[in-house]
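Reading through the structure tokens given below for one structure.
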Amino acid sequence: MNDVVALTRKDFETDQTVRWCPGCGDYAVLAQIQKLLPTLGVPRENFAFISGIGCSSRFPYYMETYGMHSIHGRAPAIASGLKLARPELSVWVVTGDGDALAIGGNHFIHAMRRNVDLKIILLNNRIYGLTKGQYSPTSEQGKKTKTTPLGSIDRPFSPVALALGAGASFVARTVDSDLAHMSAVLGRAALHKGTAFVEILQNCVVFNDGAYAAITDKKRRDDTRLLLEHGKPLVYGKGRDKGIRLRGMEPVAVSLGEGAATEADLVVHDEHGAHSGLAFFLSQFDTPDLPVPLGVFRAVTAPTYEALNTQMAADARAAKGRGELDRLFNSGDTWTIAES
Amino acid sequence: MNDVVALTRKDFETDQTVRWCPGCGDYAVLAQIQKLLPTLGVPRENFAFISGIGCSSRFPYYMETYGMHSIHGRAPAIASGLKLARPELSVWVVTGDGDALAIGGNHFIHAMRRNVDLKIILLNNRIYGLTKGQYSPTSEQGKKTKTTPLGSIDRPFSPVALALGAGASFVARTVDSDLAHMSAVLGRAALHKGTAFVEILQNCVVFNDGAYAAITDKKRRDDTRLLLEHGKPLVYGKGRDKGIRLRGMEPVAVSLGEGAATEADLVVHDEHGAHSGLAFFLSQFDTPDLPVPLGVFRAVTAPTYEALNTQMAADARAAKGRGELDRLFNSGDTWTIAES
Amino acid sequence: MQEVQRPVEELESVVIRFAGDSGDGMQLTGTEFSRSIAKAGHDFATHPDYPSEIRAPTGTLFGVSGYQIQFASRQVFTSGDAPDVLVAMNPAALKVNLPDLKHGGTLIANSGAFTEGNLAKAGYRSNPLEDGSLGDYRLYPVDISGLTAFVLKDSGLSALEIGRCKNYYALGLMLSLYGRPLEKEEEDIQAKFARKPAIAAGNVLALRAGYAYADATEMFITSYRVRAADIEPGTYRSLTGNHAAALGFVAAAELSGVPLFLGSYPITPATDILHELSALKHFNVTTFQAEDEIAGICSAIGAAYGGALGMTTTSGPGMALKTEALGLAVMLELPLVITNVQRGGPSTGLPTKIEQSDLLQAVYGRNGECPIPVIAAHSPADCFDCAIEAFRLAVKYMTPVIFLSDGGIGNAAEPWRIPDPATLPRLEVHFRTDPENFQAYARDAHLARPWVRPGTPGLEHRIGGLEKDFLSGNISHDPENHQRMVEVRAAKVAGIARDIPPLQIEGPDRGDLLIVGWGGTHGSIVQAREKAAALGLQVAHVHLRHLNPLPSDLGAILGRYRKVLVPELNLGQLSRLLRERYLLEVEQLNKVQGKPFKVSEIFEAIVALCQGEPA
Amino acid sequence: MQEVQRPVEELESVVIRFAGDSGDGMQLTGTEFSRSIAKAGHDFATHPDYPSEIRAPTGTLFGVSGYQIQFASRQVFTSGDAPDVLVAMNPAALKVNLPDLKHGGTLIANSGAFTEGNLAKAGYRSNPLEDGSLGDYRLYPVDISGLTAFVLKDSGLSALEIGRCKNYYALGLMLSLYGRPLEKEEEDIQAKFARKPAIAAGNVLALRAGYAYADATEMFITSYRVRAADIEPGTYRSLTGNHAAALGFVAAAELSGVPLFLGSYPITPATDILHELSALKHFNVTTFQAEDEIAGICSAIGAAYGGALGMTTTSGPGMALKTEALGLAVMLELPLVITNVQRGGPSTGLPTKIEQSDLLQAVYGRNGECPIPVIAAHSPADCFDCAIEAFRLAVKYMTPVIFLSDGGIGNAAEPWRIPDPATLPRLEVHFRTDPENFQAYARDAHLARPWVRPGTPGLEHRIGGLEKDFLSGNISHDPENHQRMVEVRAAKVAGIARDIPPLQIEGPDRGDLLIVGWGGTHGSIVQAREKAAALGLQVAHVHLRHLNPLPSDLGAILGRYRKVLVPELNLGQLSRLLRERYLLEVEQLNKVQGKPFKVSEIFEAIVALCQGEPA
Ligand SMILES: Cc1ncc(C[n+]2csc(CCOP(=O)(O)OP(=O)(O)O)c2C)c(N)n1
Ligand SMILES: Cc1ncc(C[n+]2csc(CCOP(=O)(O)OP(=O)(O)O)c2C)c(N)n1
Ligand code: SF4
Ligand code: SF4
Ligand SMILES: [Mg+2]
Ligand SMILES: [Mg+2]
């Protein structure tokens, strides 16, 4: 029944009709994850998908695994409890920019801090889709939506920067329209031991169509996005003719070639730095001045929360022996009243 | 009655007996702020102090200003509403590491993101004081407390890093035992237009005494802390004989002098960088490898949330004229039923 | 276009339901139709019913969206039970809605959409338009898709755009069927699509085509007219409950001269209030989309402390999240209005469906002895009055007030008689400025404490969530003081009973049966009662706006009837409050199906209780 | 040290209160004294009363900390009303506690602390120990500070450390006064301060000095003995309610063989449960200190979904924050225990004071029709049984269960008769593993759905907060299905009434008066009733453990008495539930002062209702 090898994408599809709008970026993510899981060598019954509320959070209904469509913003907390109770499970959180960063912001940053081994996939469409189009914490300033008819005055979060600020051990970004890139990044996340955060730039065709045109549009994208490669200098551009160098601690886009800068002058990407300064530095890049980095910003190994928890329990048993009710009840300061 | 010039520290003391433990670091902060306010040229009645719950959050009771001792973790949200409704007030939030970063984490990061003109003073004693000593999100890993008799397995937040990750426009750190430094930093925060976040390393004599010994101990501190100065290289040490230079994007502590590095090799502090990379880089420093930076990490000017809000309303009125009920009621698609 | 000459059937009232794919624009068609109908001087009530998915896949059963309207020559209280006319834009719409259509009712089906694929998606083996299975209805198959495409083939519009025009074709059919002129509708289209002239032109063509088709063809043997209702003279507009509430809140701000502050987090079906107020920044209105519901209410508390009319809007799960902050507001004794547009529960429940199951939560759902006044609106237009009433109580008694609406009222539209602002109640607000022996918790005759704006010299003071001294408001752990404060907070809210107008009794002021209702069930109860009264049954109706405290005259009224019937869209929450308060047995009529009561359901209950068959 | 020879007065029971600065270690002295007393075979009950400040400035009135203990030769139910003996370590302690001391009671005052400064801080103009104002009491001024300092002058301890020893001097006095041996106490000191031998030595010296002083001096004319109570034979230990609850939860895990998961956020007075369980990692226990109360309950829900005994602990404001997640747990139908150690409300209220005002919130405080079973403990030791009962219901009925305790029960200690684990009820837990026609919401005889552990092959399924199909658990918007689900969730909880043992009636099974109590008021009610019964009054008492649903036999019992008295530390919340359910007039006795009932308060109410003065 759980002959892992035999699993295929089909095994992860449910009988529930998918209820996203035609053309929604969520479909691509669903497809990639359904393709990825069979390759992980994990029995299907050991996967659990936990979500909050939102279009993106309907995800679990479409995965033939264990799953919970919980309440708005709380998926990381529920998933943390599940993973602590059942370390052997592969626990995934699928969330949205409102679910994870508006109402769920606190659980999000604490998950990053603790490093529970969760895969947190954020479908960032920079809008509240399910509630029909209000701006979100990732919407750009000035955005006109139903709740901001005169344009939003909020400054957006960079989900990547926030995750790094909270101490995340794995942070990556990809985009719904680049299937190859998405599956590579998701694969990396799946293999990471600890909280793996992946921001997926996702297009909401109904309420925020074209939000990512600048970096998805085939014509422009080579000049507007920076594909991160560990150990490689930060090079981009159609003819790989542009790069990023430092001025003081500030990033500057330079063109490469004769009389101009050379690759040797450029900042070299390092996913594993002792400090997360470089990753954060990258998280600040945005168009038009700088290209939008895609790929793995940071990936460092740190003990997972549930591993430390299990170890602690083991040590306690080693020290005190497996607890026994009788001894527990009779510990402390007791006295006996004899038959009289 | 509000002859501002005449105000003195005494004017800001209340008749309520201060109920912190003798020796608590909170006293020093109270004293510094009571000294600072009279110098700001703001009428006393225009100050409002909002807090959550915790020892630190008892602060407003001791300030003869308007004040609210609200509920646990929600002070930034309440203060944001107050400041939006009354932009002319000087609104301060006094909070603790549990209040701001555990239960209040979401409001904390969103305050940073929006840049409402609030002064957020976090008294970080790395413990839950009021509830008698449980570890907090800033407690070091391995800490033994009432809820972690076997040592905590949580990785701590760096409040400074978290604030930067959330996009803060002003971020600083000081310590309760250095009055001069504290008042200088608080003064800077008071003058900043926008959310000003100040982390004050505060000693809890009862439940976490000596948490900051490494950087407060007169003998050691010159070698364990780095006093940030805008435009100056990162120099520290008893004889100002140590400094920080870059290896790739990683910080390295080097000693200065003949045959060694010179100040020219060192990273130069810049509070106003276009990107917050440098400030974040600094936020990652900690003993023993690196000195703990104190002072202003970042201070950039950005329009405040309430200013944008006021402007938006003004524009709306300019465009549509001051709203009138009669016109509003009769707008849209109306029809009249005549007397029959 | 001149009016048609065809045999005309006069009707007292008609119920029409437009049903199609959520993409088909049925909500728009319905709204447009009601506006046109309203202008003919009819009273009407509507009920939109849409899926919780944004855009469910086309043609599927769960993607069906409906819009029902009842209009009549008399006052209309509900969108009606079974429709007389059903417009079905595709097989799924037919499948889902046919069961409701009146026996022998009129069925207009977009035959063009009855393709193999769509029939399959709807689970039809054969085409019902052809297999005779619809024999019981007046079936009018019209290839709306095809005909629309035909007239627009040279319009330069894309196939997709043309598809979107077909709802105007359907609208044209119906306007013709009910003899409404086209001109106004055409203007509206021009206005609505001003920025997209091509689309505008297309829609107008489709509209005319539909209208002409109905005229030209012999398909409608008769055309229907509904005599104008004799409605109170005045200027009217069509409003949903959420829109009416928004207008009421702005009115409260203008009437009190105090700025309005809304701190809110979007949630169905409450979000429209936030949408409406966000567009009114040229009034003294600030809207703040908070990071969550807790920040929503907390920012409003901060604004109220600053001297604004603080308010928050939410529903179901969002209301649950505000519980702790509600307690703080009670302790701070600041004015605050919390609007809960109820939806199906528990938990996430049925977000787009109608329910009244948050009443007990509103009255009892907090830690500690934590009294809060609760009022509820009974119709879309009533939301306007309730919004003002909520703030009247909030500022007069310095207390948070919970205003209960529901998804039905909130989204449904009815004609609103536009009031003259001068005739609206003034809201008296007095900010304390005198430092002379000021005590933050000294109380006036209504047991309200003073409202002080920070910035007022000499009145600096601190308040908080810990129990506080009866006068100064400083922290107090004194046992007797706590007892006193708990009692005075309770007494303050209980005292509001003296401030509630006498209850209006519809029907005999004593007799066999009293129906006690609250909230959105009003319309169904009124119609059911009238129907029963017409049969000579001794049945009366009181509808409660104030649920905490209960009106002081309610007890006496209850005593004057042999039986008491309490219809609610929950398991009997008002019933519990009445039993507890009056130690009185009540007959419950409960329905928890995400749908409003049918008039017939209440009528049958009345008849049964009056132990007599209709004469 | 040989026992003293002095006239001995035999007493039935004694109430002693130790009072001093929060820094003086009165809680410790009290606890130590109770342990010593317990070993003499007395029954006892204690009541710690400390300020909410961590360490208020010394000598101030709000810094006073007290610890009261009653011990007796009969069963003890409360810490007693007015103390017979008051030990006052400074003027502030005297000022705060004297009003409670029995007229003619014994007053031992640390005269050394009655300095000008301390007298001033306490607001004394003259020294009460000298101005004769204490004439009504048996006053024993002892310079505890001075004498302790004297014996320890060469101990090498600092002045501060010496000051901390004086509570042991006071303890010595009392042990001598009640003729308890010193040896065991000395061992305890050695153990407690093992790491600080100097301190240990100092405390032992102080203890002996105090003991010797009381023996040697003539100050105590007589010494008091209390005969051993005839308590059920067995091995006992002293437990607070929070500690007992923690043991009960661990027991539930062991008895069911299912791991325990506690997700919690610290809050007074519930935190001790988290503290206790955090130290039991060698059992099958995981404790998770969450970032807030919402994460606390949500992590527990996640663990329960994973197949653990999920639980969360909290109080007042924390309970409010869990409201939304409670709704989810009801929809998911997973076992979960929510412990609310109630405190003074509303809002932050009085965190360290006693109140019972969260009952209606527990029963009604959620959006939608959201039924949750509610039980309450009536004494510290009873918390052990309730913890097990809560999980018994949770796993048997697949439902969240709210367990109400309160700050009084939680912090007070009483002797607990240690049970033999073998005699405890087994908790039957069955995890579904069979894929054969599995339906996630198919129900058993108790209407419980199957509990499935993720990781079970072939049972993969999705659950969530949206309304779901009656069998499959898939999302369903079907109207009838919603009605059915709402009703079955209600029926499941209501059905628990069949699973509640018959109520125990103390006193006549019919008569003039029935007292219906719940929670921590048990002790006071029992004593008051016994007192009244002794006077021949026809008064009985039932104490409810199950508050939702109410026991099925309660209705009949209520009917057998002329009047019903409901004493509560709130404004009458159980009274409301009883009125609503049984349409029955009840007499309320309400107190909201952050303090437990005095036996006399209830006794007087009984007498008044039985319309007769004590014979
Ligand atoms: C407690 C609560 N508050 C609010 C809502 C309403 N709501 C549902 S989803 C959502 C936001 C969804 O945005 P996002 O997380 O970005 O998901 P998307 O739909 O864009 O994929 C909101 C506000 C809710 N269901 N529950
Ligand atoms: C909703 C809620 N949860 C929990 C508590 C209990 N509580 C009060 S203060 C506090 C933490 C205080 O820690 P911190 O913010 O660091 O303040 P400190 O006392 O250390 O200054 C907690 C858990 C509460 N009062 N309200
Ligand atoms: S609304 Fe946007 S995010 Fe939601 S399903 Fe439709 S396209 Fe996708
Ligand atoms: S407990 Fe710690 S933080 Fe709180 S007042 Fe005492 S010393 Fe200060
Ligand atoms: Mg989104
Ligand atoms: Mg702290």
Side-chain angles (χ1 to χ4, degrees), chain C residues 51-52 62 315-321 323-324 326-328 330-331 340 342 344-353 355 357-358 360-361 363-370 464-467 477 479-480 482-483 486-487 489-490 570-571 576-577 579-581 583-585 591-595, chain D residues 51-52 62 294 315-321 323-324 326-328 330-331 340 342 344-351 353 355 357-358 360-361 363-370 464-467 477 479-480 482-483 486-487 489-490 570-571 576-577 579-581 583-585 591-595:
Chain C
S52 53
F62 54 75
S315 183
M319 191 65 186
L321 285 167
T323 306
E324 186 202 10
L326 281 170
L328 176 65
V330 166
M331 278 302 235
N340 175 359
Q342 300 167 95
S347 192
T348 312
L350 292 169
T352 59
K353 302 298 179 196
E355 208 165 286
S357 51
D358 299 352
L360 289 172
Q361 174 193 36
V363 176
Y364 293 131
R366 291 161 294 279
N367 60 296
E369 292 291 346
C370 195
L466 285 163
E467 185 57 282
H477 289 83
E480 283 69 25
H482 180 46
Q483 178 98 40
V486 166
E487 283 169 1
R489 284 186 290 260
N570 59 39
L571 290 185
R576 285 185 190 271
L577 293 178
R579 288 172 58 90
E580 185 275 306
R581 172 70 178 281
L583 298 182
L584 174 96
E585 195 62 76
K591 178 176 178 178
V592 196
Q593 302 182 0
K595 298 198 290 188
Chain D
S52 54
F62 56 75
I294 298 175
S315 183
M319 191 65 186
L321 285 167
T323 306
E324 186 202 13
L326 281 171
L328 177 64
V330 166
M331 279 300 234
N340 175 0
Q342 300 167 94
S347 192
T348 312
L350 293 169
K353 303 298 178 195
E355 209 165 285
S357 51
D358 299 352
L360 289 172
Q361 174 193 35
V363 177
Y364 293 132
R366 290 161 295 278
N367 60 296
E369 293 290 348
C370 195
L466 285 164
E467 185 56 281
H477 288 83
E480 282 68 27
H482 180 46
Q483 177 96 41
V486 166
E487 282 169 1
R489 285 186 291 257
N570 59 39
L571 290 184
R576 285 184 190 270
L577 293 179
R579 288 172 59 90
E580 185 276 306
R581 171 72 179 279
L583 298 182
L584 173 97
E585 193 63 75
K591 178 177 179 179
V592 196
Q593 301 181 1
K595 298 198 291 189

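Computed from a predicted structure; not experimentally measured. The chains referred to below are lettered A, B, ... by the order of the sequence lines, with proteins before strands, and numbering in each begins at 1.
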_With sequence neighbours excluded, residues passing salt bridge (charged side-chain N to carboxylate O under 4.0 Å, His left out) with K595(D)_ = none
*Could you have a look at G594(C), S357(C), G365(C), G344(C) and say which one has the most heavy-atom pairs with chain D under 4.5 angstrom?*
S357(C)
*Just jot down the side chain to side chain donor-acceptor pair (under 3.5 Å) partners of R489(C), sequence neighbours excluded, or say none.*
E467(C)
*With a 4.5 angstrom heavy-atom cut-off, which part of E355(D) approaches chain C: side chain, backbone, both or neither?*
side chain
*Side chain from CB out, backbone as N, CA, C, O: work out which of these in M331(D) comes under 4.5 Å of a heavy atom of chain C, or both, or neither.*
side chain
*Compare all side-chain heavy atoms of L584(D) with those of R579(D) and state whether any distance is below 4.5 angstrom.*
no
*May I ask you to name which of G368(D), P346(D), C370(D), G316(D) has the most heavy-atom pairs under 4.5 Å with chain C?*
P346(D)
*Given the rule in the side chain to side chain donor-acceptor pair (under 3.5 Å) test, do D358(C) and N340(C) qualify, once you have shown the distances and angles that lead to the verdict?*
CA-CA 8 Å; D358(C) 299 352; N340(C) 175 359; 3.0 Å; yes
*Please flag which part of E585(D) lies under 4.5 Å from any non-hydrogen atom of chain C: side chain, backbone, both or neither.*
both
*asked:* Heavy-atom pairs under 4.5 Å with chain D: which of A490(C), G345(C), S315(C), G464(C) has the most?
replied: G345(C)
*Measuring heavy-atom distances to chain C, does R366(D) have an atom under 4.5 Å in its side chain, in its backbone, in both, or in neither?*
backbone
*Keeping the roles fixed (side chain from Q593(D), backbone from E480(C)), state whether a donor-acceptor pair exists under 3.5 Å.*
no
